[in-house]
Amino acid sequence: MTLTEQLLSQLPGDALGGLRQADQRWRSLREGTLPVPEVVTVDPQPGEAPAWDVIVAGGTLGIFLGAALAQRGWRVALIERSTLRGRDQEWNISRHELQVLLDLELLTPEELEQAIATEYNPARVSFLGGPDLWVENVLNVGVDPVFLLETLKARFLAAGGHLLEQTPLQRVTVHPNGVAVSTGESGSVLTARLLLDGMGHFSPIVQQARQGQKPDGVCLVVGTCAQGYPANETGDLLVSFTPIAGQCQYFWEAFPARDGRTTYLFTYVDAHPERPSLEALFEDYFRLLPEYQQVDLAALSIQRSLFGFFPCYRQSPLRSPWDRILQIGDSSGSQSPLSFGGFGSLLRHLQRLTDGIGEALTADVLDRRGLALLQPYQPNLSVTWLFQRTMSVGVQQQIAPNQINQLLVSVFDSMAALGDPVLKPFLQDVVRFPALSLALMRTSLTAPARVVEVIPQVGLPSLLDWMSHYSRLALYTGLYPVGRAIEPWTRSLSPAQRYYYHRWLQAWQYGSGADYSPLA
């Protein structure tokens with residue numbers, strides 16, 4: 001029996017079986033054998049009059065947007081294939097990123113404080129051969145998903161929202177005047193003007209739209225929440241203490257949790273068939289954890305296991321091939337290739353999507369071309385593809401064992417020297433042109449050898465592609481203040497014209513990182 005089998009088989013809820021089920025899907029993705037569902041069809045004939053303005057499919061993150069729209073008076077139905085309940089493990093985020101929940105009146109200040117299960121400072125960034133860097137107020141708050149979702153559910157229902165649990169989406173028919181969503185074994189049908197797909201990376205709608213396309217990158221993650229660690233009220237945001245092994249560079253995160261301490265091991269890979277399984281990754285996790293946390297494995301009492309894989313695509317966000325369907329959250333692919341997506345990514349765009357969807361409904365701009373502007377190209381996310389590439393190794397690629405660590409030591413040393421305005425946004429997946437340019441310039445001057453090593457590692461095509469996104473990042477940075485300046489002259493436009501103007505303005509804002517608010 002392996003160490004993973006021994007430890008996970010002792011946990012409740014068949015953790016080992018869940019891991020192997022996830023591994024089967026990961027294997028199918030690598031081998032290109034995932035089935036392509038056919039859940040969406042188009043009927044050119046008008047359907048029955050929509051009963052709802054919006055149907056949200058997928059409740060765990062969909063409830064955020066569903067509640068925000070219901071609060072604004074839109075008729076919203078939300079379907080969830082199981083029970084709408086948050087997981088036991090906290091969601092880590094920064095306190096100031098939670099402000100949007102107050103701005104949208106989804107939580108009261110008292111409820112927000114009650115939702116915060118843990119809070120710590122500072123957090124560490126460290127790579128093999130380099131110094132420890134410490135930052136404060138970055139991903140230092142652990143939110144209780146169970147309390148948060150229960151509170152949002154109550155707010156949603158009080159605002160007139162309609163919640164259907166144990167109700168899986170089966171089929172979607174797109175009509176000229178709306179969508180018909182067939183649900184459950186009974187085949188009951190809900191109708192709406194717009195369908196929001198919040199069913200995650202493996203949404204059947206997304207799988208149909210992508211038609212079996214392999215992801216360009218994958219983040220593999222395993223971890224546990226356990227008790228028995230030495231007292232430690234600090235966290236780790238990005239730590240590496242080993243060289244490349246098995247064509248993987250391992251990174252670690254650690255957070256104080258209500259039930260102990262949560263530790264993750266993650267690595268960036270492609271979907272090559274020879275990539276390791278999650279179960280193999282767990283073996284390395286348990287092997288390395290004692291050295292990482294300076295603890296005897298036998299002293300730990302594991303409360304729960306955590307695992308998953310997160311695909312990302314260069315051609316993102318996903319452009320829906322259908323009218324009246326919009327992907328939100330992880331379904332949209334709008335997260336950075338460096339992040340896991342999820343809660344933090346959704347909150348960043350919650351205000352923008354709430355405003356934009358409301359305008360789309362008001363102006364009746366619900367065709368695929370108009371809706372695509374709600375999930376626009378963002379050059380500040382696209383430039384991070386090169387960073388993801390520099391933190392990964394091809395299956396047949398040969399590079400020095402410490403090359404990735406050495407590069408990261410140089411880059412983060414430059415960002416730390418330039419101060420929090422450069423370092424902190426990057427750690428929260430926000431890249432801005434001035435900060436990026438300064439960091440690259442300083443790294444090129446202080447560690448030119450490290451920069452030269454990157455070129456053969458990532459390849460010239462990837463570097464040229466990155467330069468095009470970098471140029472557009474500069475363009476978006478310049479366009480956003482111009483767009484803001486002419487905003488007073490747009491008030492006489494029609495609702496549809498204002499919708500398009502606001503979407504381009506927000507594309508420039510978010511695409512340049514201008515939405516980022518510095519920490520107080």
Side-chain angles (χ1 to χ4, degrees), residues 122-135 138 217 236-244 249-253 266-268 336-339 378-394 397-477 511-513 516 518:
R124 179 175 63 138
V125 177
S126 180
F127 307 103
L128 182 65
D132 289 347
L133 303 176
W134 295 94
V135 295
V138 178
D236 287 343
L237 297 179
L238 187 61
V239 169
S240 171
F241 63 93
T242 55
I244 297 165
Q249 176 65 66
Y250 288 161
F251 300 99
W252 296 79
E253 280 186 322
F266 62 97
T267 186
Y268 300 110
S336 156
L338 295 176
S339 76
Q378 296 178 64
N380 70 325
L381 295 184
S382 295
V383 294
T384 61
W385 268 106
L386 187 72
F387 308 151
Q388 195 258 22
R389 186 68 186 84
T390 63
M391 296 165 73
S392 62
V393 189
Q397 193 171 30
Q398 297 299 318
I399 65 174
N402 287 319
Q403 180 171 313
I404 293 175
N405 279 307
Q406 290 170 345
L407 174 65
L408 291 172
V409 167
S410 300
V411 170
F412 275 85
D413 176 71
S414 294
M415 288 195 291
L418 293 166
D420 284 353
V422 172
L423 180 61
K424 285 188 175 180
F426 182 83
L427 291 172
Q428 294 174 275
D429 258 352
V430 179
V431 177
R432 296 185 291 184
F433 182 76
L436 175 61
S437 299
L438 286 171
L440 291 177
M441 184 181 302
R442 193 179 192 283
T443 304
S444 298
L445 293 174
T446 58
R450 302 282 86 85
V451 176
V452 171
E453 289 172 348
V454 165
I455 298 174
Q457 179 188 351
V458 302
L460 189 59
S462 294
L463 193 59
L464 293 174
D465 180 65
W466 177 83
M467 291 178 68
S468 71
H469 297 302
Y470 178 71
S471 300
R472 280 177 275 184
L473 176 61
L475 177 63
Y476 276 41
T477 302
S512 65
Y516 177 81

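All figures in this text were calculated on a predicted structure; none of them were measured in a lab. Throughout, residue positions are numbered sequentially from 1 according to the sequence presented.
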Any residue meeting side chain to side chain contact (heavy atoms under 4.5 Å, CB included) with [X], in chain and number order, not counting sequence neighbours:
{"X": "L237", "result": "Y120, A123, V125, V135, V138, L139, F255, L427"}
{"X": "L464", "result": "L460, M467"}
{"X": "A435", "result": "V422"}
{"X": "P122", "result": "W134, E136, T234"}

Check R432, K424, Q428 against Y516 for a side-chain hydrogen bond (donor to acceptor under 3.5 Å, both in side chains) and give me the one that passes.
->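 Between Y516 and the candidates, side-chain hydrogen bond (donor to acceptor under 3.5 Å, both in side chains) is satisfied uniquely by Q428.
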If you round to the nearest 0.5 Å, how far is [atom2] of [Y] from [atom1] of [X]?
{"X": "L381", "Y": "S339", "atom1": "CG", "atom2": "OG", "value": "8.0 Å"}
{"X": "R450", "Y": "T390", "atom1": "CZ", "atom2": "OG1", "value": "13.0 Å"}
{"X": "I399", "Y": "I244", "atom1": "CD1", "atom2": "CD1", "value": "3.5 Å"}
{"X": "L438", "Y": "M441", "atom1": "CG", "atom2": "CE", "value": "6.5 Å"}
{"X": "D429", "Y": "T384", "atom1": "CG", "atom2": "OG1", "value": "6.5 Å"}
{"X": "L418", "Y": "F426", "atom1": "CG", "atom2": "CZ", "value": "13.0 Å"}

Checking [X] now: which residues fulfil side chain to side chain donor-acceptor pair (under 3.5 Å) with it, not counting sequence neighbours?
{"X": "S468", "answer": "R472"}
{"X": "S414", "answer": "T443"}
{"X": "S410", "answer": "none"}
{"X": "D465", "answer": "H469"}

Where does the angle between the aromatic ring planes of F251 and F127 fall among parallel (under 30°), tilted (30 to 60°) and perpendicular (over 60°)?
->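 The rings of F251 and F127 stand perpendicular, inter-plane angle above 60°.
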Nearest non-hydrogen partners of G511 and Y476, listed with the distance |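 Minimum heavy-atom separation between G511 and Y476: CA-CD2, 4.0 Å.
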Which atom names give the shortest non-hydrogen contact between T267 and Y250, and what distance separates them?
->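 Residues T267 and Y250, closest heavy atoms: CB-CD2, 4.0 Å.
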Could you pull out all residues at least two apart from R442 that satisfy salt bridge (charged side-chain N to carboxylate O under 4.0 Å, His left out)?
->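 D413.
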Scan for side-chain hydrogen bond (donor to acceptor under 3.5 Å, both in side chains) pairs involving residues 122-133, sequence neighbours excluded, and state none if there are none.
->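 Every pair satisfying side-chain hydrogen bond (donor to acceptor under 3.5 Å, both in side chains) with a residue in residues 122-133: R124-D236, S126-D132.
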Who are the ring-ring contact (aromatic ring centres under 6.0 Å, His included) partners of Y470, not counting sequence neighbours?
->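 So Y470 forms a ring-ring contact (aromatic ring centres under 6.0 Å, His included) with F433, W466.
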Determine, step by step, whether V411 and F387 satisfy the side chain to side chain contact (heavy atoms under 4.5 Å, CB included) criterion, reporting the C-alpha distance in whole Å, the side-chain angles of both residues, the deciding distance to 0.1 Å, and the verdict.
-> CA-CA 11 Å; V411 170; F387 308 151; over 6 Å; no
Ignoring hydrogens and angles, write down the donor-acceptor pairs under 3.5 Å from the side chains of residues 401-408, residues two or more places apart or on other chains.
{"residue": "Q403", "atom": "NE2", "partner": "E453", "partner atom": "O", "Å": "3.4"}
{"residue": "Q403", "atom": "NE2", "partner": "Q457", "partner atom": "OE1", "Å": "2.9"}
{"residue": "N405", "atom": "OD1", "partner": "S240", "partner atom": "OG", "Å": "2.9"}
{"residue": "N405", "atom": "ND2", "partner": "T242", "partner atom": "O", "Å": "3.1"}

When you look at M415 and L133, which way does the side chain to side chain contact (heavy atoms under 4.5 Å, CB included) test go after all the steps?
-> CA-CA 10 Å; M415 288 195 291; L133 303 176; over 6 Å; no
